[in-house]
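Inspection log for the structure reproduced underneath, given as structure tokens.
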Amino acid sequence: MAKQYWLFKSEPGTFSITDLEKAPDKTTCWDGVRNYQARNFLSKQVASGDHVFFYHSNTEPPAIVGIAQVAKAGYPDPSAFNPKSKYFDEKSDPEDPAWYSVDIKHVKTFKRPVTLSELRGNAKLKGMVLLQKGSRLSIQPVSEKEWKAIIDMLKQN
DNA sequence: GCCAACGTTGGC
DNA sequence: GCCAACGTTGGC
């Protein structure tokens, strides 16, 4: 299986990369995804060992703040079955789960985040899903070229 | 806080 | 199946 790359969005007020770093074994269940396109990535494509950019949205500045790795591939999202969870979905049947989670583990937090405006300024990233107009997908595929171009931006810091 | 873009819901 | 209304996302 070829290496795959992803970008996971999170609002830092809800779950930040610092939260991930502090989590037991620096690992967390990525739950609460309630969008079908993102769900399909989680259930079918995101594989153990895949590399993940951790992105902070809805904050100033929006930025890629670090890297994580997929520790466990798609499995039914437990929060959908938990009536106490804000992500509870009574329509999700444990026999035929509607929603999926993966586990991710912290790899590194950047000393300096790569901001959205810096990403926009890199011509190599023109096609990146994140930079498309109106794009709000919370689980996004990242191409190998895009991944490498962003890693190169870190080295220039 | 504003608002454009997008996704979902539900009446018909 | 259409589409208006509504809710959410997320940059600014």
Spatial distance of atom NE2 (A/His106) from atom CG (A/Asp25) [nearest 0.5 Å]: 12.5 Å
Check: A/Trp30/A/Asp103 side-chain N/O donor and acceptor closer than 3.5 Å: no
Distance-only donor-acceptor check, side chains A/Glu21 and A/Thr18, under 3.5 Å: no
Ring pair (Phe, Tyr, Trp, His ring centres under 6.0 Å) partners of residues 56-85 of chain A, not counting sequence neighbours, each pair once: A/Phe54-A/His56
Give me, pair by pair, the N or O atoms of the protein and of nucleotides 9-12 of chain C that are less than 3.5 Å apart, along with how far apart they are.
from, atom 1, to, atom 2, distance (Å)
C/dG10, OP1, A/Lys9, NZ, 2.8
C/dG10, OP1, A/Arg136, O, 2.9
C/dG10, N7, A/Asn58, ND2, 3.1
C/dG11, OP1, A/Tyr55, OH, 2.7
C/dG11, OP2, A/Asn58, N, 2.9

Full working for salt bridge (charged side-chain N to carboxylate O under 4.0 Å, His left out) between A/Asp152 and A/Lys155: CA-CA 5 Å; A/Asp152 282 345; A/Lys155 291 175 187 160; 3.8 Å; yes
Whole-Å gap separating P (B/dT8) and OH (A/Tyr36): 7 Å
B/dA4 OP1/OP2 closer than 4.0 Å to side-chain N/O of A/Lys133: no
